[in-house]
Structures are given as C-alpha cells and as structure tokens.
Amino acid sequence: MFRTFYREVKKLLNCEDRYIRESEFADLSTTIAFKIAKEKKENPQKVAEELVSEIEFERSTYIGSVEVVNGYINFFVNEEFLSDTVERILDEDENYGSLNLGGEVLIEHTSANPDGPIHIGHLRNAIIGDTLARMMEKAGIKVTTHYYVNDMGRQIAAAVLGYLKYGLRETKPDHAVAEVYVKINKDIEEHPELEKEVDELMLKFEEGDEEVSKSFKFVVDKALEGIRETLAKFDIHHDDFIYESDFVRNGYVERIFKMLEEKGLLEKDDVWKVDLKDYGIEKEVIMRRENGTTLYITRDLAYHLWKNENFRRFINVLGADHKLYSEQLSKILELLDLKPPEVLFFEFVSLPEGSMSTRKGKFVSADELLEKTFEEAKRILRERGSVDEKIAKVVAVGAIRYDFVRVSPEKPFTFDWSKALDFERQTASYIQYSHARSCSILRKAVESGKAELEFDPAIITNKERELVMRLSKFSFYLEKAINELKPSIFAEYLMSVANAFNDFYTDHQVLVDDKKVRMHRLAIVDATRIVLRNGLELLGIEAPERM
RNA sequence: GGGCCCGUAGCCUAGCUAGGAUAAGGCGGCAGCCUCCUAAGCUGCAGAUCGCGGGUUCAAAUCCCGCCGGGCCCGCCA
C-alpha cells in the first residue's frame, strides 16, 4: 500500500528516489526544493511553494494533503489510504505483503565444510541466507537454495584420515567427525610426515579409487547428517546439496580447463595457473597442483559454469574472508564470458577471546547455542509459572534467529553469552509477545460474541494512525531488503510494528462498549496480528498465539 | 607492507549507497504505571566531542583526503 502512495508522490514530483524520504514530520517528505534552489540560486522555501502550487495532488488516489515547511515538501495520506490498508490486510490475510517481482534465483548459503558441526559463524550465514530466500519467495521470485558441499578438499581428507585412524564415536555424527578432525590435526602438527597420507587420500579420491571414495562419502555424509539436523531445528532447509566432487566426475572441471585454454588464460610451469595481474589482482590463481589434483576454485568455477547454464540469477552468501577469493572467481568467470555471482558478504562472528577455528576445536556450535538458549527460555517461563516446552523452543529459536538477522551483515559480530541469553526487548520475543497479545484480544472478542471488524478512518487517533501507517509499509520494506540484499532492514521494520502496536495497546482499550470504536479497533488489532505473523514467518520465526 | 570491512552515550544497534528539519531505538542506571483486553508491556529522567584531524558546502554522522584503533584477506587451504 505504501508503495502505491510512494509511487504517486514520485510521479507527481517527477524526481529520483534519492529526494524522497520517510520523515517524522510527514508520511513522505522531499528535499528536491533544496536541489532546485541551489541550481537556480533561489530560496528553497520559495521554490518549494512554487512547486506545490503547480502540482495537482487532488487528482491522486491516496495523497490527502501537502505542506511546505522550511523548504521541505511534506505529503500526507488521505483517509481512503488508511481504510484501504486495513481492508486489504484483512482481505489478503496470509498473502498480505506479497509482491510479484517475478523471475527466479538460486541462493547458495551455509555451505560449511563437512568436517564438524556448524558453529555460530556458519549460523550467521545460514540465517541470513534462509531469511533472504524466504523474502524473495514472498516477493514472487522463484527461489532454489543450494548447500555446496566441499567433499574433496584437504580438510576433508584430513578428517577422513582421522576417521580411518581412530574411528567415530557414537554421538551426534557431526560432532563425532569434529573430534577426529581436531585430533588428526594435532597429530599432523606433531608428525608432519602424516601430510603425505593426506595427499595420497586426496589423489586417490580425485582418481576415483573405490575404497577411498567410500570413506570420503561416509565421513562427509556423517557430518552432513548432523548439520542437517541442526539446521532443521532452526527451520532452515535446502532444496539441494551439491557435491563439489560431482563436477570433477561429470566433466565440468574439464570443460573449465578447455575454456581457459581456448582463451589463452592457462599458464603451466610446475602447476597450472591463471595470472590476473592485468586486472589488478596480484595473486596468481592456481588451478591444478603438480600432482594433477584440482583446487577449490577449479571446482567452484565448474559449479558456476553449471549455475550459468541453469539460472539467470544466482546469489552466494559468503563470509568476508572470501572476498579476495570471490574477486578472483568473478574475474575468471568474466574472462570466460560467464556471469559472475551476486555476493552477499557478512563479516566474521568471533568470540571475545578471538576468532573461531573448527580445526583447533575452538568454536561455539549452533547446537550448544540453541541448547543454552532453550534452557534460559525454560527458566524464564518457569518464573512466569509456565512449563510449556514448545513455547520455550519457539522463543529460543526466535531469539537466535532475530539476533543474527537484525544486525547489518557488514558489521563484525562478537559473540557474547550474556547478550545472547538476554530476552529483554529488541528481540524476537518482543514481537512474538505483541502477536500473542493481539491474538488474546481477538480471542476475548470472539468469546464475548462481539468480534465484528469495521475500520473507520473518521475516528482514528494519532497512535492508531501511526500503527496503520507502519502496517502499510510491509512490502515497501520487503522490497528494500531484497534490493539491498539486507534482510536486517526488514527485521528492523517488524520490530517497529510491534513497537507501534504496544504504544497503541497501552493507550487504547479495544474491547469497549461503544460498538463503533470497538469494531474499528478490532479491525486494527486483527490487521496488526496478520502483519506480525506474516513478518515473523519471513524471518523464519514462529508466532505463538499464547505465551 | 598491500587490499577490503567496521568505529555513533557504560554496552548493543539504526541512520551513511542518494548531504538538509531537535542524531533514533534497545540494554544497563534512576523515578514511576497492573481492582481494566497478557507488565516478555508502557511513561519520565540521566547519559553522544557521531574514533581523531583537515577539506568541500548555505548545510556533513552522511561526500573527499590524511591519521588512529579493531577485524578479515594476501596458501599448490577452503
């Protein structure tokens, strides 16, 4: 709804988006007069007044009034806009907020190495990726999600060696793999000659040795089994798991080499490599080792060749440590006349004592985080005299997902247990609580047989108007979050809706005797309920009706 | 050494792409609000040289230059 209003204002002003802003003084505001005033060397206030006298805002559908203050031109919606907003929300219900952007996209996210459980750094990736996928889907884009499984790297070979030497303990499989992986790395450090055994495993796997392939597959699948279980607890699911070794077997890697050769990009001394110095990237890119084995980037190029053949748009969610790597990948793809991926980078999650390392066993696993958060949620519920484990679960998952998605991806994130376990405000539980509150009012209305809804703009109060305006902006923020590849933008918006609702709630009794007022407020409450529920759904967070 | 990112009250975060109206939330602190729809809520108070120094501009948290602090990257790792 707000998008429509926005477009009307934009069309009227005939100016770029940059000059149109939301404002605390108006529903929309523009600074265009300052710009014009500068060019004409005139007074902004005068320019603004002239501009307003020329535009015929009365002919628009939703612009109610226009005013000029200190050179700003302020636009306000009319009553019809408010009515249409509420009616449309009630009408469209679970579809409210959807867009029809169309097209399709492949989102690759998480893609943690199968050498142990996912830690809270991978979790940031998974949550950002999953939320973005949900948002694009809501926006009418057909989304496919991939987990790219690095099943043939050096790390995995080390884990396999660890498994062959020590066997796996009977515990959650990803944690069992991590144990032998940490142990073998320590062994390798103390006895460097073990590196040769790792090399041999890699070579044999690349050549397709049956026995070795079985071991790789066994370890990788064990780790993946545990990782999937963890992701499922956070309601994160991938459409496909793509194994990088497939690209060695199915000829895509060979095709990449052929393409590189045809373009004259491949150089050979001890190794096969690509020189990108002419393109401002100093580091040479090694494509094949002396012993013939391929590297991660070789297989990834093959994967992106496949992406090019199957999708017109593909997005990778990657940690900031992949920036240089990603630049190299994209540059080579361009040189091969292939489309590079769009990349959503997020900065590192670190612990107060430093960065995490699966290899050193220095990390907080997603499992541990969820477990502790769940315990804390149960403790709080007990304090309130409830023992509902399902609510505790939903609150715990919500708290974690919201915490991870609300921060801009480019912000470094230092993990802190006391903050992670703090459920006070600005968390999912605040939004969930607001939703439960709206449900409670509606439930009471139904119980007393007074549940008719009828919004009436004529009797709207300031706080009600404030709330309805927030409700109207669902798809506006959805689109913005997608365009900027920043789910955090929408997360913040949803918090503001809950905030506006609690403001309204505190000031207004809904279930009052005056029928007109009651029906009007019930309509607003129900519309809020729908917006909060749909919004939480986009964030992958459940919306309990009681808590 | 080179490259990229971050730096906003004691703490966490929004605003920065596209410069404009008193720098916005939350946590923590202090003072209040439940005979009334869920107090996981609400109100008020205190708390900010927007890392530092220059520059551009009528106007800078926002743009430019330099510096400082933190993180990441610069592997025949992924």
Side-chain angles (χ1 to χ4, degrees), chain A residues 16-21 23-26 29 31 33-35 37-38 44 69-72 74 111-113 115 150 152-156 158 199 244 270-273 280-284 286-291 293-297 299-300 319-325 327 345-348 350 354-355 359 380-381 383-384 395 403 406-414 416 418-419 422-427 429-434 436-445 448 484 488-489 492 495-496 498-499 501-503 505-512 518 521-522 525 546-547:
Chain A
E16 299 166 57
D17 289 320
R18 54 197 281 206
Y19 300 111
I20 305 171
R21 296 283 167 88
S23 161
E24 57 182 304
F25 303 103
S29 185
T31 55
F34 290 97
K35 174 82 179 164
K38 190 183 183 111
V69 183
N70 300 330
Y72 295 87
N74 292 334
S111 304
N113 289 345
D115 53 17
N150 165 25
M152 65 185 316
R154 180 158 225 107
Q155 281 89 331
I156 302 311
D199 286 343
E244 65 167 337
D270 295 338
V271 296
W272 287 260
K273 64 188 181 185
I281 300 173
E282 285 302 316
K283 214 193 92 189
E284 291 175 330
I286 312 296
M287 303 294 296
R288 209 192 264 284
R289 296 185 184 92
E290 256 185 289
N291 70 3
T293 50
T294 54
L295 285 97
Y296 182 72
I297 196 164
R299 277 110 54 183
D300 207 12
D321 55 333
H322 281 65
K323 278 189 181 174
L324 172 62
Y325 167 80
E327 235 178 277
F345 287 110
F346 65 93
E347 281 294 327
F348 258 47
S350 53
S355 48
R359 187 164 51 83
I380 291 171
L381 275 169
E383 268 178 20
R384 298 173 203 281
V395 167
D403 243 15
R406 67 176 243 274
V407 181
S408 272
E410 72 273 14
K411 284 260 188 191
F413 194 115
T414 305
D416 178 335
S418 70
K419 286 197 184 85
D422 182 3
F423 288 75
E424 290 305 311
R425 240 172 171 264
Q426 282 217 336
T427 64
S429 59
Y430 178 77
I431 303 171
Q432 289 170 318
Y433 178 73
S434 307
R437 232 179 189 179
S438 66
C439 290
S440 172
I441 296 171
L442 293 161
R443 204 161 43 230
K444 288 242 156 54
S448 62
E484 298 185 25
S488 57
I489 289 173
E492 209 209 340
M495 180 63 68
S496 78
N499 208 346
F501 175 66
N502 282 317
D503 259 10
Y505 177 89
T506 306
D507 263 35
H508 303 305
Q509 183 73 19
V510 177
L511 303 175
V512 293
R518 187 179 66 236
R521 291 188 179 158
L522 275 172
V525 171
R546 299 169 199 263
M547 59 187 285

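A, B, ... follow the sequence lines: proteins, then strands. Residue 1 opens every chain.
- Counting only heavy atoms from C-beta on, A/Ser29 has its side chain closest to B/rA21 among B/rC6, B/rU43, B/rA21.
- Computed from coordinates, the A/Asn499 CG to B/rG26 C1' distance equals 10 Å when rounded to whole Å.
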message: For nucleotides 72-78 of chain B, give me one character per nucleotide, 5' to 3': B if any protein heavy atom sits under 4.0 Å from the base, S if the only such contacts are to the sugar-phosphate, - if neither.
response: SSSSBBB
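- The same atom, P, is picked in B/rG71 and in B/rG28; the two are 29 Å apart, to the nearest Å.
- Both tests do not hold together for A/Lys35 against A/Tyr19: distance to the six-membered ring centre under 6.0 Å, angle to the ring axis within 45°.
- For the C1' atom pair drawn from B/rU43 and B/rC34, the interatomic distance equals 14 Å after rounding to whole Å.
- To the nearest angstrom, P of B/rC12 lies 18 Å from CE of A/Met495.
- No donor-acceptor pair closer than 3.5 Å links the side chain of A/Thr293 to the backbone N or O of A/Arg289.
- In this structure, A/Phe413 atom CZ and B/rC11 atom P are separated by 17 Å, rounded to whole Å.
- The residue A/Glu24 sits close to a base: some heavy atom pair falls under 4.0 Å.
- Taking the six-membered ring where tryptophan is involved, the planes of A/Tyr505 and A/Phe501 are tilted, since the angle between them lies from 30° to 60°.
- Of the C1' atoms belonging to B/rG15 and B/rG54, the separation is 24 Å, rounded to the nearest Å.
- With C1' as the reference atom, B/rU22 and B/rA48 are 14 Å apart, rounded to whole Å.
- Side chain of A/Ser23 to backbone of A/Phe25: a donor-acceptor contact under 3.5 angstrom is found.
- Listed by chain and residue number, nothing satisfies the salt bridge (Lys or Arg N to Asp or Glu O under 4.0 Å) test with A/Asp321 (two or more places apart in sequence, or in another chain).
- Taking atom P on both nucleotides, B/rC12 is separated from B/rG51 by 13 Å, rounded to a whole Å.
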Which atom pairs link the protein and nucleotides 17-20 of chain B when you take only N or O atoms and keep those under 3.5 Å?
{"from": "B/rA18", "atom 1": "O2'", "to": "A/Arg21", "atom 2": "NH2", "distance (Å)": "3.0"}
{"from": "B/rG20", "atom 1": "OP2", "to": "A/Arg21", "atom 2": "NH1", "distance (Å)": "3.3"}
{"from": "B/rG20", "atom 1": "O3'", "to": "A/Tyr72", "atom 2": "OH", "distance (Å)": "2.9"}
{"from": "B/rG20", "atom 1": "O2'", "to": "A/Tyr72", "atom 2": "OH", "distance (Å)": "2.2"}

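- Atom pair A/Asp503:CG and B/rC33:C1' shows a separation of 15 Å (rounding to whole Å applied).
- In this model, the phosphate group of B/rA14 is not approached by any side-chain N or O of A/Ser488 to a distance below 4.0 Å at OP1 or OP2.
- To the nearest whole angstrom, the two C1' atoms, one in B/rA60 and one in B/rG55, are 11 Å apart.
- Under the 90° criterion around 0 for the glycosidic angle, B/rC34 counts as syn.
- Ring planes of A/His322 and A/Tyr296: perpendicular class, angle over 60° (limits at 30 and 60°).
- Side-chain N or O atoms of A/Arg21 include none that pairs as donor or acceptor with a backbone N or O of A/Ser29 at under 3.5 Å.
- In the model, A/Asn502 has a side-chain atom that pairs as donor or acceptor with a side-chain atom of A/Tyr430 under 3.5 Å.
- Looking at heavy-atom distances under 4.0 Å, A/Thr293 makes no contact with the nucleic acid at all.
- Remark: the backbone N or O of A/Val271 is not paired with any side-chain donor or acceptor of A/Arg288 at under 3.5 angstrom.
- For the P atoms, the distance linking B/rC73 with B/rA9 amounts to 28 Å, nearest Å.
- Between A/Glu410 atom CD and B/rC16 atom C1' the separation is 10 Å, expressed in whole Å.
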Between protein and nucleic acid, restricted to nucleotides 36-40 of chain B and to nitrogen or oxygen atoms under 3.5 Å apart, what atom pairs and distances do you find?
{"from": "B/rC37", "atom 1": "O3'", "to": "A/Lys444", "atom 2": "NZ", "distance (Å)": "3.2"}
{"from": "B/rC37", "atom 1": "O2", "to": "A/Val510", "atom 2": "N", "distance (Å)": "3.3"}
{"from": "B/rC37", "atom 1": "O2", "to": "A/Leu511", "atom 2": "N", "distance (Å)": "3.2"}
{"from": "B/rC37", "atom 1": "N3", "to": "A/Val510", "atom 2": "N", "distance (Å)": "2.9"}
{"from": "B/rC37", "atom 1": "N4", "to": "A/Tyr505", "atom 2": "O", "distance (Å)": "2.9"}
{"from": "B/rC37", "atom 1": "N4", "to": "A/His508", "atom 2": "O", "distance (Å)": "2.4"}
{"from": "B/rU38", "atom 1": "OP1", "to": "A/Ser440", "atom 2": "OG", "distance (Å)": "2.1"}
{"from": "B/rU38", "atom 1": "OP2", "to": "A/Ser440", "atom 2": "OG", "distance (Å)": "3.2"}
{"from": "B/rU38", "atom 1": "OP2", "to": "A/Lys444", "atom 2": "NZ", "distance (Å)": "2.9"}
{"from": "B/rU38", "atom 1": "O2'", "to": "A/Tyr433", "atom 2": "OH", "distance (Å)": "2.1"}
{"from": "B/rU38", "atom 1": "O2'", "to": "A/Arg437", "atom 2": "NE", "distance (Å)": "3.2"}
{"from": "B/rU38", "atom 1": "N3", "to": "A/Met547", "atom 2": "O", "distance (Å)": "3.0"}
{"from": "B/rU38", "atom 1": "O4", "to": "A/Met547", "atom 2": "N", "distance (Å)": "3.1"}
{"from": "B/rA39", "atom 1": "OP2", "to": "A/Arg437", "atom 2": "NH2", "distance (Å)": "2.4"}
{"from": "B/rA39", "atom 1": "OP2", "to": "A/Tyr505", "atom 2": "OH", "distance (Å)": "3.4"}
{"from": "B/rA40", "atom 1": "OP2", "to": "A/Arg384", "atom 2": "NH1", "distance (Å)": "2.5"}
{"from": "B/rA40", "atom 1": "O4'", "to": "A/Arg384", "atom 2": "NH2", "distance (Å)": "3.2"}

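- More than 12 non-hydrogen atoms from other residues, nucleotides or ligands lie less than 6.0 angstrom from CZ of A/Arg443.
- Evaluation of the salt bridge (Lys or Arg N to Asp or Glu O under 4.0 Å) rule for A/Glu424 yields no partner, not counting sequence neighbours.
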- prompt: Under a cut-off of 3.5 Å for both distances of each Watson-Crick or G-U pair, what dot-bracket string does RNA chain B give, using [ ] for crossing pairs and | for inter-strand pairs?
  reply: (((((((..((((......[...)))).(((((.......))))).....(((((..]....))))))))))))....
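- With both ends at atom C1', the span from B/rC63 to B/rG19 equals 7 Å, rounded to whole Å.
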